[in-house]
J.: 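Just dropping this structure here.
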Protein chains: 2
Amino acid sequence: MISIGIIEDNDVLRSSLQLLFENSGRFQVAFSLHDARNLLAETELHMPRLLLMDIDMPGINGIDAVKLVKKDFPTVDIIMFTVFEDDEKIFRSVMAGASGYLLKKIPPEKLLEALDDFVQGGAPMTGSIATRVLEMFRKQTQQTAATFNLSARELEILTSLSSGKTYRLIAGERFLSVETVRSHVKNIYEKLHVHSKAEAVAKAFREKLI
Amino acid sequence: MISIGIIEDNDVLRSSLQLLFENSGRFQVAFSLHDARNLLAETELHMPRLLLMDIDMPGINGIDAVKLVKKDFPTVDIIMFTVFEDDEKIFRSVMAGASGYLLKKIPPEKLLEALDDFVQGGAPMTGSIATRVLEMFRKQTQQTAATFNLSARELEILTSLSSGKTYRLIAGERFLSVETVRSHVKNIYEKLHVHSKAEAVAKAFREKLI
DNA sequence: CTTAAAACCCCCTAAACGGGGGATAATTTG
DNA sequence: CAAATTATCCCCCGTTTAGGGGGTTTTAAG
């Protein structure tokens with residue numbers, strides 16, 4: 001029996017899902033929530049094998065919820081279950097740590113099959129290939145500015161540098177003195193371990209800071 | 001009936017595939033080849049709906065074959081069918097223009113299902129989501145230096161600029177005079193429509209020139 | 001064979017940059 | 001609350017860059 005948690009704000013759909021799982025003989029509903037408020041507590045209590053997570057929900061949205069759960073319970077796999085088909089949402093879900101992404105238009109039997117498949121080591125999107133694709137993406141955009149502890153200001157300035165702006169221009173745009181910009185730049189260089197604009201820009205792109 | 005072309009060097013497997021398709025009632029084998037030699041001619045003659053393409057083959061490899069076919073017959077969809085599960089091969093296949101990627105370990109019924117699914121608008125790897133993922137990748141690495149007509153020398157120098165080297169350093173490394181480097185840089189700027197090192201580096205990354 | 005590039009080289013000048021120093025208020029964080 | 005960090009500001013100096021000229025020779029393409 002696979003233990004599953006459902007987070008879905010549409011009551012009718014949530015009930016249907018619950019029924020579907022309970023009558024499948026293969027799944028067991030650990031909990032079923034209308035929103036992500038009690039999600040951490042419930043997860044800790046029941047420790048389900050996986051979560052089926054809606055994206056568009058009142059309060060905390062599904063993607064942020066993924067981050068929260070993954071932070072505290074990295075072993076719980078999360079499958080997004082949503083009507084959104086756009087790249088942005090998919091991408092952000094994957095980055096947040098979702099292991100799969102299913103569309104609500106999937107037929108019930110297919111849903112069970114996909115989840116079953118996933119638990120067997122595949123990814124709901126197709127066997128092992130899709131898993132790799134997700135991994136590739138994850139690697140590609142992982143680290144963020146945080147890695148280098150750039151401040152918001154520094155990141156701003158780094159972005160401006162990357163568009164080829166001179167210190168003077170940046171100073172003008174942000175109402176700073178050129179000297180201030182210069183010292184920010186110095187700090188950026190130190191944090192990134194570089195010694196020139198060109199290097200900083202290159203690193204910013206390579207490390208996906210921009 | 002979906003018309004399909006098979007390119008697979010393993011005779012036993014190829015026969016099995018042919019049998020499978022012919023007895024499926026849904027597929028029709030347009031042609032079945034041991035290697036990619038006569039692929040273009042056969043494709044032109046039979047114009048199959050899709051190709052099932054092995055990667056590791058004598059003579060032309062599957063990935064190059066994809067490029068050739070896609071160049072002349074962009075409407076023919078190509079599904080890679082292989083034992084290789086590594087990112088490199090997947091990535092290169094997608095870049096070459098393959099629409100899907102299936103592993104040989106897939107059970108026969110699943111293969112038919114996946115192809116059927118694909119023809120219905122999905123991607124063999126999962127519904128519409130995987131298709132998007134492939135697209136994302138494709139966009140990410142498309143254009144090359146050719147787009148801006150950078151010469152080999154110019155690309156070299158652009159690369160050096162990106163690592164933060166000064167003109168003097170580059171000149172030293174490549175046994176050029178600083179002035180030569182400078183004029184190459186001028187030409188690069190003109191071609192990329194930029195006016196500084198930082199901008200050039202940024203553009204180089206954005207346009208995947210580096 | 002002419003034309004057009006690519007690749008090579010040179011000079012000059014003003015602006016921009018990198019590295020070194022030092023300082024103060026505000027905010028975050030332990 | 002004290003310590004650390006951040007954001008702000010300032011000076012100096014030598015180097016590097018960008019943009020403006022100028023040019024030759026080799027290679028590729030029409």
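All chains are named by letter (A, B, ...) in the order of the sequence lines, taking the proteins before the strands, and each is independently numbered beginning at 1.
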J.: Five pairs at each end of the helix from C:dA4-D:dT27 to C:dG30-D:dC1: take the axis at both ends and give me the angle between them to 10°.
T.: 70°

J.: In this structure, how many angstroms lie between the C1' atom of C:dA4 and the CG atom of B:Asn187, rounded?
T.: 13 Å

J.: Give me the distances for all protein-to-nucleotides 14-16 of chain C N/O pairs that come in under 3.5 Å?
T.:
unit_1, atom_1, unit_2, atom_2, d
C:dA16, OP2, A:Arg168, NE, 3.2
C:dA16, OP2, A:Arg168, NH2, 2.1

J.: What N/O pairs connect the protein and nucleotides 3-6 of chain D at under 3.5 Å? Give each pair on its own line.
T.:
none

J.: Just the atom pairs and distances: protein N or O near nucleotides 10-12 of chain C's N or O, under 3.5 Å.
T.:
unit_1, atom_1, unit_2, atom_2, d
C:dC10, OP2, B:Ser177, OG, 3.4
C:dC11, N4, B:Glu179, OE1, 3.3

J.: For nucleotides 26-30 of chain C, list the nitrogen or oxygen atoms of the protein found under 3.5 Å from its nitrogen or oxygen atoms, one pair per line.
T.:
none

J.: What residues, two or more places apart in sequence or in another chain, satisfy side-chain hydrogen bond (donor to acceptor under 3.5 Å, both in side chains) together with B:His195?
T.: none

J.: Would you please confirm or rule out a distance under 4.0 Å between OP1 or OP2 of D:dA18 and any side-chain N or O of B:Tyr189?
T.: yes

J.: For A:Phe31 and A:Asn38, what are the C-alpha separation, side-chain angles and deciding distance, and is it a side-chain contact (heavy atoms from CB on, under 4.5 Å)?
T.: CA-CA 10 Å; A:Phe31 58 82; A:Asn38 290 98; over 6 Å; no

J.: Between atom CD in A:Glu199 and atom C1' in C:dG19, what is the gap in whole Å?
T.: 14 Å

J.: Is there side-chain contact between A:Leu51 and A:Asp77, with heavy atoms separated by less than 4.5 Å?
T.: no

J.: Does A:Arg37 CZ have over 12 foreign heavy atoms under 6.0 Å away?
T.: no

J.: Figure out the CD1/C1' separation between A:Ile157 and C:dC17, and round it to whole Å.
T.: 15 Å

J.: What pairs of residues pass the side-chain hydrogen bond (donor to acceptor under 3.5 Å, both in side chains) test when at least one of them lies in residues 171-185 of chain A, not counting sequence neighbours?
T.: A:Glu156-A:Arg174, A:Ser160-A:Arg174, A:Lys165-A:Glu173, A:Ser177-A:Thr180, A:Glu179-A:Arg182

J.: Find the distance between OG1 (A:Thr159) and CG (A:Leu161) and round it off to the nearest 0.5 Å.
T.: 8.5 Å

J.: Quick one, A:Thr82 with A:Met53, criterion side-chain contact (heavy atoms from CB on, under 4.5 Å). Give me CA distance, side-chain angles, the key distance, then yes/no.
T.: CA-CA 8 Å; A:Thr82 167; A:Met53 177 88 71; over 6 Å; no

J.: Are there more than 12 heavy atoms of other residues, nucleotides or ligands under 6.0 Å from atom CZ of A:Arg26?
T.: yes

J.: Could you give the distance from CE (B:Met47) to CD (B:Glu42), rounded to the nearest 0.5 Å?
T.: 12.5 Å

J.: When you look at A:Tyr101 and A:Ile79, which way does the side-chain contact (heavy atoms from CB on, under 4.5 Å) test go after all the steps?
T.: CA-CA 6 Å; A:Tyr101 200 102; A:Ile79 311 293; over 6 Å; no

J.: Between D:dG21 atom P and B:Glu190 atom CD, what is the distance in whole Å?
T.: 11 Å

J.: For B:Glu199, check side-chain hydrogen bond (donor to acceptor under 3.5 Å, both in side chains) against everything at least two apart and list the hits.
T.: none

J.: With sequence neighbours left out, which residue pairs that include part of residues 63-76 of chain A fulfil the side-chain hydrogen bond (donor to acceptor under 3.5 Å, both in side chains) condition?
T.: A:Asn61-A:Asp64

J.: Please state how far atom CZ in A:Phe175 lies from atom P in D:dA7, giving the value in whole angstrom units.
T.: 18 Å

J.: Quick one: B:Leu176 CG to C:dA6 P, roughly how many Å, whole number?
T.: 16 Å

J.: Return the set of residues passing side-chain hydrogen bond (donor to acceptor under 3.5 Å, both in side chains) with A:Lys110 (not counting sequence neighbours), or none when no residue passes.
T.: B:Glu113

J.: Starting at atom CG of B:Leu155, determine the distance to atom P of C:dA7, rounded to an integer number of angstrom.
T.: 11 Å

J.: Going by atom type alone, with no hydrogens or angles, which donor-acceptor pairs under 3.5 Å involve a side-chain atom of residues 1-12 of chain A and a protein atom two or more places apart or on another chain?
T.:
unit_1, atom_1, unit_2, atom_2, d
A:Glu8, OE1, A:Lys104, NZ, 2.9
A:Glu8, OE2, A:Asn10, N, 2.9
A:Glu8, OE2, A:Lys104, NZ, 3.4
A:Asn10, OD1, A:Val12, N, 3.0
A:Asn10, OD1, A:Leu13, N, 3.1
A:Asp11, OD1, A:Arg14, NH1, 3.0
A:Asp11, OD1, A:Arg14, NH2, 3.2

J.: Apply the test side-chain contact (heavy atoms from CB on, under 4.5 Å) to residues A:Phe81 and A:Leu52: give CA-CA distance (whole Å), side-chain angles for both, the deciding distance (0.1 Å), then the verdict.
T.: CA-CA 6 Å; A:Phe81 188 60; A:Leu52 199 62; 3.7 Å; yes

J.: Mind checking what makes side-chain hydrogen bond (donor to acceptor under 3.5 Å, both in side chains) contact with B:Asn187, not counting sequence neighbours?
T.: none

J.: Please give, in whole Å, the distance from C:dC17 P to B:Leu169 CG?
T.: 19 Å

